[in-house]
Amino acid sequence: MTENMETKLNNLSIENPNDDEDIVDPWNVVSKSEKGIDYDKLIKKFGSSKIDSELLDRFEKVIKQKVHHFLRRGIVFSHRDLNSILNQYESGKPFYLYTGRGPSSSSMHLGHLVPFMFCKWLQDTFNVPLVIQLTDDEKCFWRNIQMEDAQQMAFENAKDIIAIGFDINKTFIFSDLNYMGQCPEFYQNVIRIQRCVTFNQVKGIFGFDDSTPIGKIAFPAIQATPALSTSFPHIFGKQKLPCLIPCAIDQDPYFRMTRDVTPRIGYQKPALLHSRFLPALQGAQTKMSSSDENSTIFLTDSAKKVKNKVNKHAFSGGQATVEEHREKGGNCDIDISFQYLSFFLEDDERLEQIKKDYSSGALLTGELKKILIDTITPIITRHQEARAKVTDELVRQFMTPRKLDL
Ligand code: TYM
(Lines give C-alpha, C1' and ligand atoms only; values in the text may rest on other atoms or scores of the structure.)
Protein backbone atom coordinates (compact mmCIF):
# COMPACT_ATOMS: atom_id res chain seq x y z
CA MET A 1 0.00 0.00 0.00
CA THR A 2 1.29 3.47 -0.83
CA GLU A 3 1.63 6.09 1.87
CA ASN A 4 -0.92 8.22 0.04
CA MET A 5 -3.52 5.53 0.13
CA GLU A 6 -3.01 5.02 3.82
CA THR A 7 -3.17 8.74 4.56
CA LYS A 8 -6.34 8.95 2.52
CA LEU A 9 -7.99 6.20 4.54
CA ASN A 10 -6.80 7.60 7.86
CA ASN A 11 -8.25 11.00 6.96
CA LEU A 12 -11.64 9.35 6.92
CA SER A 13 -11.09 8.27 10.48
CA ILE A 14 -14.00 8.24 12.92
CA GLU A 15 -11.53 9.08 15.68
CA ASN A 16 -11.01 12.61 16.96
CA PRO A 17 -14.11 14.31 15.53
CA ASN A 18 -14.31 18.01 16.40
CA ASP A 19 -16.58 18.57 19.36
CA ASP A 20 -19.39 20.16 17.39
CA GLU A 21 -19.16 17.67 14.55
CA ASP A 22 -21.86 15.05 13.91
CA ILE A 23 -20.71 11.51 14.59
CA VAL A 24 -21.81 8.98 11.97
CA ASP A 25 -20.33 5.50 11.88
CA PRO A 26 -21.77 1.95 11.88
CA TRP A 27 -22.33 2.12 15.66
CA ASN A 28 -23.12 5.77 16.46
CA VAL A 29 -25.27 8.44 14.89
CA VAL A 30 -25.24 11.61 16.98
CA SER A 31 -25.81 15.26 16.18
CA LYS A 32 -25.92 18.25 18.51
CA SER A 33 -28.39 20.06 16.27
CA GLU A 34 -32.12 19.52 16.75
CA LYS A 35 -32.41 19.51 12.96
CA GLY A 36 -30.27 16.37 13.02
CA ILE A 37 -27.29 15.35 10.92
CA ASP A 38 -25.91 17.92 8.49
CA TYR A 39 -25.93 15.65 5.44
CA ASP A 40 -24.22 18.18 3.15
CA LYS A 41 -21.31 18.33 5.58
CA LEU A 42 -21.25 14.54 5.73
CA ILE A 43 -20.97 14.28 1.95
CA LYS A 44 -17.90 16.49 2.09
CA LYS A 45 -16.40 14.61 5.03
CA PHE A 46 -16.96 11.17 3.49
CA GLY A 47 -16.07 12.29 -0.04
CA SER A 48 -19.24 10.95 -1.67
CA SER A 49 -21.36 12.85 -4.23
CA LYS A 50 -24.66 14.64 -3.75
CA ILE A 51 -27.58 13.37 -5.82
CA ASP A 52 -28.50 16.55 -7.70
CA SER A 53 -31.36 17.35 -10.05
CA GLU A 54 -29.21 16.65 -13.10
CA LEU A 55 -28.53 13.11 -11.91
CA LEU A 56 -32.21 12.60 -11.07
CA ASP A 57 -33.18 13.77 -14.59
CA ARG A 58 -30.74 11.28 -16.05
CA PHE A 59 -32.03 8.52 -13.75
CA GLU A 60 -35.62 9.15 -14.94
CA LYS A 61 -34.54 9.21 -18.57
CA VAL A 62 -32.74 5.89 -18.22
CA ILE A 63 -35.54 4.05 -16.37
CA LYS A 64 -38.29 5.83 -18.35
CA GLN A 65 -40.36 6.49 -15.21
CA LYS A 66 -40.51 8.74 -12.18
CA VAL A 67 -37.89 7.98 -9.52
CA HIS A 68 -38.89 6.72 -6.06
CA HIS A 69 -40.07 9.40 -3.62
CA PHE A 70 -36.97 8.71 -1.46
CA LEU A 71 -34.92 10.07 -4.37
CA ARG A 72 -37.32 12.90 -5.20
CA ARG A 73 -37.23 14.09 -1.57
CA GLY A 74 -33.50 13.74 -0.94
CA ILE A 75 -33.98 10.86 1.52
CA VAL A 76 -31.62 8.89 -0.69
CA PHE A 77 -29.27 11.84 -0.98
CA SER A 78 -25.74 10.71 -1.81
CA HIS A 79 -24.00 8.24 -4.08
CA ARG A 80 -20.74 6.86 -5.34
CA ASP A 81 -20.44 6.02 -9.06
CA LEU A 82 -24.17 5.83 -9.73
CA ASN A 83 -23.52 7.04 -13.28
CA SER A 84 -21.50 3.93 -14.06
CA ILE A 85 -24.47 1.73 -13.04
CA LEU A 86 -26.85 3.84 -15.16
CA ASN A 87 -24.43 3.47 -18.11
CA GLN A 88 -24.35 -0.28 -17.55
CA TYR A 89 -28.16 -0.49 -17.53
CA GLU A 90 -28.50 1.80 -20.55
CA SER A 91 -26.22 -0.41 -22.60
CA GLY A 92 -28.15 -3.54 -21.57
CA LYS A 93 -25.29 -4.96 -19.49
CA PRO A 94 -25.88 -6.84 -16.21
CA PHE A 95 -25.22 -5.73 -12.64
CA TYR A 96 -26.55 -6.75 -9.24
CA LEU A 97 -27.72 -5.25 -5.96
CA TYR A 98 -26.24 -6.01 -2.54
CA THR A 99 -27.57 -4.95 0.84
CA GLY A 100 -27.70 -6.36 4.38
CA ARG A 101 -28.86 -6.46 7.95
CA GLY A 102 -27.08 -7.09 11.25
CA PRO A 103 -29.52 -9.25 13.24
CA SER A 104 -29.24 -7.78 16.73
CA SER A 105 -32.92 -8.19 17.64
CA SER A 106 -35.62 -10.53 16.42
CA SER A 107 -37.76 -7.59 15.33
CA MET A 108 -36.69 -4.99 12.80
CA HIS A 109 -37.86 -1.36 13.12
CA LEU A 110 -39.42 1.22 10.85
CA GLY A 111 -35.98 2.70 9.99
CA HIS A 112 -34.79 -0.64 8.64
CA LEU A 113 -37.67 -0.59 6.17
CA VAL A 114 -36.08 2.40 4.43
CA PRO A 115 -33.13 0.73 2.62
CA PHE A 116 -35.12 -2.46 2.04
CA MET A 117 -38.16 -0.66 0.55
CA PHE A 118 -35.77 1.25 -1.66
CA CYS A 119 -34.00 -1.95 -2.65
CA LYS A 120 -37.32 -3.50 -3.64
CA TRP A 121 -38.01 -0.52 -5.88
CA LEU A 122 -34.53 -0.84 -7.43
CA GLN A 123 -35.01 -4.57 -8.01
CA ASP A 124 -38.42 -4.04 -9.64
CA THR A 125 -37.15 -1.12 -11.73
CA PHE A 126 -33.91 -2.65 -13.01
CA ASN A 127 -35.04 -6.29 -12.87
CA VAL A 128 -31.70 -7.43 -11.42
CA PRO A 129 -30.56 -10.02 -8.86
CA LEU A 130 -30.19 -9.00 -5.22
CA VAL A 131 -28.01 -10.57 -2.51
CA ILE A 132 -28.81 -9.83 1.13
CA GLN A 133 -26.16 -10.47 3.80
CA LEU A 134 -27.29 -11.23 7.35
CA THR A 135 -24.23 -10.53 9.50
CA ASP A 136 -24.99 -12.83 12.43
CA ASP A 137 -21.21 -13.14 12.94
CA GLU A 138 -20.89 -9.34 13.35
CA LYS A 139 -23.48 -9.28 16.12
CA CYS A 140 -21.55 -11.93 18.12
CA PHE A 141 -18.57 -9.54 18.15
CA TRP A 142 -20.34 -6.25 18.79
CA ARG A 143 -23.38 -7.09 20.84
CA ASN A 144 -22.03 -10.06 22.80
CA ILE A 145 -24.90 -12.15 21.48
CA GLN A 146 -24.62 -15.96 21.60
CA MET A 147 -24.00 -17.50 18.20
CA GLU A 148 -27.16 -19.65 18.28
CA ASP A 149 -29.25 -16.58 19.19
CA ALA A 150 -27.70 -14.54 16.38
CA GLN A 151 -28.53 -17.31 13.92
CA GLN A 152 -32.10 -17.47 15.18
CA MET A 153 -32.48 -13.68 14.89
CA ALA A 154 -31.07 -13.82 11.35
CA PHE A 155 -33.77 -16.35 10.46
CA GLU A 156 -36.48 -14.15 12.02
CA ASN A 157 -35.15 -11.02 10.30
CA ALA A 158 -35.17 -12.89 6.98
CA LYS A 159 -38.96 -13.24 7.43
CA ASP A 160 -39.31 -9.46 7.77
CA ILE A 161 -37.16 -8.94 4.69
CA ILE A 162 -39.10 -11.47 2.62
CA ALA A 163 -42.37 -9.81 3.73
CA ILE A 164 -41.23 -6.64 1.94
CA GLY A 165 -41.96 -8.50 -1.29
CA PHE A 166 -38.64 -9.47 -2.88
CA ASP A 167 -38.80 -11.75 -5.90
CA ILE A 168 -37.65 -15.24 -4.89
CA ASN A 169 -36.31 -15.88 -8.39
CA LYS A 170 -34.00 -12.90 -8.12
CA THR A 171 -33.09 -12.76 -4.42
CA PHE A 172 -30.59 -14.72 -2.35
CA ILE A 173 -30.54 -14.14 1.43
CA PHE A 174 -27.63 -15.60 3.38
CA SER A 175 -26.35 -15.76 6.94
CA ASP A 176 -22.57 -15.40 7.27
CA LEU A 177 -22.40 -18.16 9.88
CA ASN A 178 -23.97 -20.63 7.43
CA TYR A 179 -22.89 -19.47 3.99
CA MET A 180 -19.17 -19.02 4.81
CA GLY A 181 -19.04 -22.78 5.45
CA GLN A 182 -21.03 -23.64 2.34
CA CYS A 183 -19.16 -21.63 -0.26
CA PRO A 184 -15.34 -21.83 -0.54
CA GLU A 185 -15.37 -19.04 -3.16
CA PHE A 186 -16.86 -16.63 -0.61
CA TYR A 187 -14.20 -17.39 1.98
CA GLN A 188 -11.46 -17.20 -0.67
CA ASN A 189 -12.61 -13.67 -1.51
CA VAL A 190 -12.60 -12.76 2.20
CA ILE A 191 -8.92 -13.78 2.24
CA ARG A 192 -8.17 -11.79 -0.94
CA ILE A 193 -9.57 -8.69 0.76
CA GLN A 194 -7.93 -9.36 4.13
CA ARG A 195 -4.53 -9.58 2.42
CA CYS A 196 -4.94 -5.99 1.20
CA VAL A 197 -6.06 -4.22 4.37
CA THR A 198 -3.67 -3.39 7.22
CA PHE A 199 -4.49 -3.07 10.92
CA ASN A 200 -3.50 0.56 10.60
CA GLN A 201 -6.18 1.13 7.96
CA VAL A 202 -9.04 -0.47 9.89
CA LYS A 203 -7.87 1.37 13.00
CA GLY A 204 -8.20 4.59 11.07
CA ILE A 205 -11.53 3.78 9.50
CA PHE A 206 -13.29 2.05 12.39
CA GLY A 207 -11.49 3.34 15.47
CA PHE A 208 -10.16 -0.08 16.58
CA ASP A 209 -7.31 -0.21 19.09
CA ASP A 210 -4.86 -2.72 20.56
CA SER A 211 -7.47 -4.26 22.83
CA THR A 212 -10.05 -4.84 20.06
CA PRO A 213 -10.83 -8.55 19.62
CA ILE A 214 -9.34 -9.79 16.36
CA GLY A 215 -12.79 -10.91 15.13
CA LYS A 216 -13.86 -7.27 14.96
CA ILE A 217 -10.67 -6.33 13.16
CA ALA A 218 -11.19 -9.02 10.52
CA PHE A 219 -14.94 -8.51 10.11
CA PRO A 220 -14.98 -5.55 7.67
CA ALA A 221 -13.56 -7.85 4.98
CA ILE A 222 -16.63 -10.09 5.42
CA GLN A 223 -19.02 -7.20 4.83
CA ALA A 224 -16.91 -6.20 1.80
CA THR A 225 -16.94 -9.65 0.18
CA PRO A 226 -20.50 -9.71 -1.25
CA ALA A 227 -19.44 -6.75 -3.43
CA LEU A 228 -17.41 -9.30 -5.44
CA SER A 229 -19.82 -11.21 -7.67
CA THR A 230 -17.62 -14.34 -7.68
CA SER A 231 -18.56 -14.80 -4.02
CA PHE A 232 -21.82 -16.23 -5.40
CA PRO A 233 -20.73 -18.84 -7.98
CA HIS A 234 -24.21 -20.44 -7.99
CA ILE A 235 -25.62 -17.12 -9.28
CA PHE A 236 -22.86 -15.48 -11.31
CA GLY A 237 -20.39 -18.29 -12.05
CA LYS A 238 -16.99 -16.66 -12.57
CA GLN A 239 -18.41 -13.44 -14.05
CA LYS A 240 -17.16 -10.20 -12.50
CA LEU A 241 -20.25 -8.00 -12.46
CA PRO A 242 -20.66 -4.44 -11.20
CA CYS A 243 -22.46 -4.10 -7.88
CA LEU A 244 -24.75 -1.39 -6.48
CA ILE A 245 -25.14 -1.16 -2.69
CA PRO A 246 -28.11 0.71 -1.20
CA CYS A 247 -27.74 1.42 2.56
CA ALA A 248 -28.06 4.23 5.09
CA ILE A 249 -24.87 6.28 5.23
CA ASP A 250 -23.68 4.72 8.53
CA GLN A 251 -22.46 1.71 6.52
CA ASP A 252 -20.25 3.81 4.22
CA PRO A 253 -16.99 3.19 6.19
CA TYR A 254 -17.17 -0.50 5.22
CA PHE A 255 -17.54 0.38 1.57
CA ARG A 256 -14.87 3.08 1.49
CA MET A 257 -12.54 0.28 2.53
CA THR A 258 -14.08 -2.05 -0.08
CA ARG A 259 -13.69 0.53 -2.85
CA ASP A 260 -10.06 0.99 -1.95
CA VAL A 261 -9.37 -2.75 -2.22
CA THR A 262 -11.46 -3.93 -5.20
CA PRO A 263 -9.41 -2.40 -8.05
CA ARG A 264 -6.26 -3.91 -6.53
CA ILE A 265 -7.73 -7.43 -6.81
CA GLY A 266 -9.20 -7.02 -10.27
CA TYR A 267 -12.78 -5.90 -9.55
CA GLN A 268 -14.70 -2.73 -10.24
CA LYS A 269 -15.41 -0.52 -7.23
CA PRO A 270 -18.98 -1.08 -5.99
CA ALA A 271 -21.38 1.83 -6.53
CA LEU A 272 -23.39 3.12 -3.57
CA LEU A 273 -26.67 4.85 -2.85
CA HIS A 274 -26.84 6.36 0.64
CA SER A 275 -30.02 7.16 2.54
CA ARG A 276 -30.58 9.43 5.50
CA PHE A 277 -31.63 8.01 8.85
CA LEU A 278 -35.16 7.77 10.06
CA PRO A 279 -34.67 9.71 13.31
CA ALA A 280 -35.50 8.52 16.83
CA LEU A 281 -38.98 9.45 18.05
CA GLN A 282 -37.44 11.80 20.64
CA GLY A 283 -35.70 13.95 18.05
CA ALA A 284 -33.42 14.11 15.06
CA GLN A 285 -30.18 14.22 17.13
CA THR A 286 -29.96 10.46 16.71
CA LYS A 287 -31.31 7.66 14.51
CA MET A 288 -34.06 5.19 15.30
CA SER A 289 -32.28 2.22 16.84
CA SER A 290 -33.34 -1.16 18.25
CA SER A 291 -31.49 -0.54 21.49
CA ASP A 292 -33.98 2.06 22.79
CA GLU A 293 -37.56 0.77 22.96
CA ASN A 294 -39.14 4.23 23.40
CA SER A 295 -37.27 5.82 20.52
CA THR A 296 -38.35 3.10 18.15
CA ILE A 297 -41.38 1.82 16.32
CA PHE A 298 -40.87 -1.90 15.82
CA LEU A 299 -42.46 -3.74 12.93
CA THR A 300 -44.08 -5.99 15.56
CA ASP A 301 -45.76 -3.12 17.44
CA SER A 302 -49.57 -3.26 17.65
CA ALA A 303 -51.67 -0.40 16.23
CA LYS A 304 -52.35 0.70 19.82
CA LYS A 305 -48.65 0.75 20.68
CA VAL A 306 -47.82 2.76 17.53
CA LYS A 307 -50.49 5.31 18.46
CA ASN A 308 -49.23 5.59 22.05
CA LYS A 309 -45.58 5.88 21.04
CA VAL A 310 -46.27 8.63 18.50
CA ASN A 311 -48.57 10.57 20.83
CA LYS A 312 -46.27 10.24 23.84
CA HIS A 313 -42.76 10.39 22.38
CA ALA A 314 -42.71 11.96 18.89
CA PHE A 315 -40.85 15.25 19.31
CA SER A 316 -42.96 18.20 18.27
CA GLY A 317 -41.88 21.28 16.35
CA GLY A 318 -45.08 22.99 17.45
CA GLN A 319 -45.49 25.86 19.90
CA ALA A 320 -46.22 25.57 23.61
CA THR A 321 -49.88 26.66 23.43
CA VAL A 322 -52.57 26.41 20.75
CA GLU A 323 -52.77 30.22 20.59
CA GLU A 324 -49.04 30.57 20.09
CA HIS A 325 -49.06 27.77 17.51
CA ARG A 326 -51.86 29.42 15.53
CA GLU A 327 -49.90 32.66 15.59
CA LYS A 328 -46.35 31.45 14.89
CA GLY A 329 -46.85 28.05 13.26
CA GLY A 330 -44.78 24.88 13.71
CA ASN A 331 -41.27 24.02 12.58
CA CYS A 332 -41.25 21.08 10.12
CA ASP A 333 -37.44 20.93 10.16
CA ILE A 334 -37.41 19.58 13.71
CA ASP A 335 -40.85 17.98 13.94
CA ILE A 336 -40.49 14.21 14.02
CA SER A 337 -44.04 13.46 12.83
CA PHE A 338 -43.48 15.61 9.76
CA GLN A 339 -40.11 14.01 9.12
CA TYR A 340 -41.61 10.50 9.32
CA LEU A 341 -44.35 11.57 6.89
CA SER A 342 -41.69 12.66 4.41
CA PHE A 343 -40.44 9.05 4.47
CA PHE A 344 -43.77 7.24 4.40
CA LEU A 345 -46.46 9.47 2.84
CA GLU A 346 -46.07 8.94 -0.88
CA ASP A 347 -48.44 11.68 -2.07
CA ASP A 348 -46.20 14.70 -2.85
CA GLU A 349 -49.06 17.22 -3.02
CA ARG A 350 -50.58 16.15 0.28
CA LEU A 351 -47.17 16.32 1.98
CA GLU A 352 -46.64 19.84 0.64
CA GLN A 353 -50.07 20.92 1.90
CA ILE A 354 -49.35 19.45 5.35
CA LYS A 355 -46.07 21.37 5.43
CA LYS A 356 -47.82 24.62 4.54
CA ASP A 357 -50.60 24.07 7.08
CA TYR A 358 -48.28 23.08 9.91
CA SER A 359 -45.87 25.94 9.23
CA SER A 360 -48.71 28.47 9.14
CA GLY A 361 -50.28 27.15 12.34
CA ALA A 362 -53.47 25.97 10.62
CA LEU A 363 -52.59 22.37 11.53
CA LEU A 364 -51.94 21.53 15.20
CA THR A 365 -49.42 19.03 16.55
CA GLY A 366 -52.13 16.59 17.64
CA GLU A 367 -53.64 16.69 14.15
CA LEU A 368 -50.26 16.14 12.53
CA LYS A 369 -49.59 13.18 14.81
CA LYS A 370 -52.95 11.70 13.83
CA ILE A 371 -52.03 11.97 10.14
CA LEU A 372 -48.76 10.17 10.89
CA ILE A 373 -50.54 7.42 12.86
CA ASP A 374 -53.06 6.98 10.03
CA THR A 375 -50.19 6.76 7.53
CA ILE A 376 -47.83 4.32 9.23
CA THR A 377 -50.33 2.02 10.94
CA PRO A 378 -51.58 0.48 7.66
CA ILE A 379 -47.95 0.07 6.50
CA ILE A 380 -47.08 -1.82 9.69
CA THR A 381 -50.30 -3.85 9.68
CA ARG A 382 -49.77 -4.86 6.04
CA HIS A 383 -46.20 -5.81 6.89
CA GLN A 384 -47.37 -7.97 9.80
CA GLU A 385 -49.94 -9.70 7.60
CA ALA A 386 -47.35 -10.37 4.90
CA ARG A 387 -44.84 -11.62 7.50
CA ALA A 388 -47.40 -14.02 9.00
CA LYS A 389 -47.60 -15.70 5.60
CA VAL A 390 -43.82 -16.26 5.39
CA THR A 391 -43.24 -19.89 6.38
CA ASP A 392 -39.97 -21.39 7.64
CA GLU A 393 -39.87 -23.37 4.41
CA LEU A 394 -40.03 -20.16 2.34
CA VAL A 395 -37.16 -18.68 4.36
CA ARG A 396 -35.11 -21.83 3.69
CA GLN A 397 -35.83 -21.48 -0.05
CA PHE A 398 -34.64 -17.85 -0.08
CA MET A 399 -31.53 -18.90 1.87
CA THR A 400 -30.58 -21.89 -0.30
CA PRO A 401 -27.62 -21.24 -2.62
CA ARG A 402 -29.13 -21.65 -6.08
CA LYS A 403 -29.31 -20.18 -9.55
CA LEU A 404 -31.27 -16.94 -9.87
CA ASP A 405 -32.90 -15.40 -12.94
CA LEU A 406 -30.32 -13.05 -14.45
P1 TYM B 1 -28.20 -2.76 10.41
O2 TYM B 1 -28.88 -4.00 10.79
O3 TYM B 1 -27.71 -1.83 11.47
O4 TYM B 1 -29.14 -1.93 9.46
C5 TYM B 1 -29.73 -2.51 8.30
C6 TYM B 1 -29.91 -1.41 7.24
O7 TYM B 1 -30.75 -0.38 7.75
C8 TYM B 1 -30.06 0.87 7.75
N9 TYM B 1 -30.53 1.59 8.93
C10 TYM B 1 -31.36 2.65 8.86
N11 TYM B 1 -31.87 3.29 7.79
C12 TYM B 1 -32.67 4.37 8.04
N13 TYM B 1 -32.93 4.82 9.29
C14 TYM B 1 -32.45 4.19 10.39
N15 TYM B 1 -32.76 4.64 11.60
C16 TYM B 1 -31.61 3.05 10.19
N17 TYM B 1 -30.94 2.20 11.03
C18 TYM B 1 -30.30 1.32 10.24
C19 TYM B 1 -28.58 0.51 7.74
O20 TYM B 1 -27.78 1.52 7.20
C21 TYM B 1 -28.59 -0.73 6.87
O22 TYM B 1 -28.64 -0.35 5.49
N23 TYM B 1 -23.51 -4.20 9.20
C24 TYM B 1 -24.85 -4.01 8.68
C25 TYM B 1 -25.39 -5.20 7.88
C26 TYM B 1 -24.88 -5.24 6.46
C27 TYM B 1 -25.18 -4.30 5.44
C28 TYM B 1 -24.48 -4.78 4.26
C29 TYM B 1 -25.97 -3.14 5.39
C30 TYM B 1 -24.06 -6.19 5.92
N31 TYM B 1 -23.82 -5.93 4.59
C32 TYM B 1 -24.58 -4.09 3.06
C33 TYM B 1 -26.06 -2.46 4.17
C34 TYM B 1 -25.36 -2.93 3.02
C35 TYM B 1 -25.81 -3.70 9.83
O36 TYM B 1 -25.55 -4.03 10.97
O37 TYM B 1 -26.98 -3.09 9.41
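All residue numbers refer to positions in the sequence shown, counting from 1. One-based numbering, in listed order, for ligands and for the atoms of each.
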Closest approach of any protein heavy atom to atom 4 (O) of ligand 1, naming residue and atom: H112 CD2, 3.6 Å
Within reach of ligand 1, part of M288 (heavy-atom separation under 4.0 Å): both
Protein heavy atom at shortest distance from atom 7 (O) of ligand 1: P115 CG, 3.4 Å
Shortest protein heavy-atom distance from atom 17 (N) of ligand 1, along with the residue and atom involved: K287 NZ, 3.7 Å
Under-4.0 Å salt bridge between D209 and K203: no
Which residue and heavy atom of the protein sit nearest atom 12 (C) of ligand 1, plus the separation: G111 O, 3.3 Å
Part of T135 with heavy atoms under 4.0 Å of ligand 1, whether side chain, backbone, both or neither: side chain
Heavy-atom nearest neighbour in the protein, as seen from atom 14 (C) of ligand 1, with distance rounded to 0.1 Å: L278 N, 3.7 Å
Residue part near ligand 1, for R101, under 4.0 Å between non-hydrogen atoms: both
Minimum-distance protein heavy atom relative to atom 5 (C) of ligand 1: G100 O, 3.5 Å
Crowding at NZ, K50 (>12 non-hydrogen neighbours, <6.0 Å): no
Name of the residue among T171, I168, V390 meeting side-chain contact (heavy atoms from CB on, under 4.5 Å) with I162: V390
Mode of E138 contact toward ligand 1 - side chain, backbone, both, neither (heavy atoms, under 4.0 Å): side chain
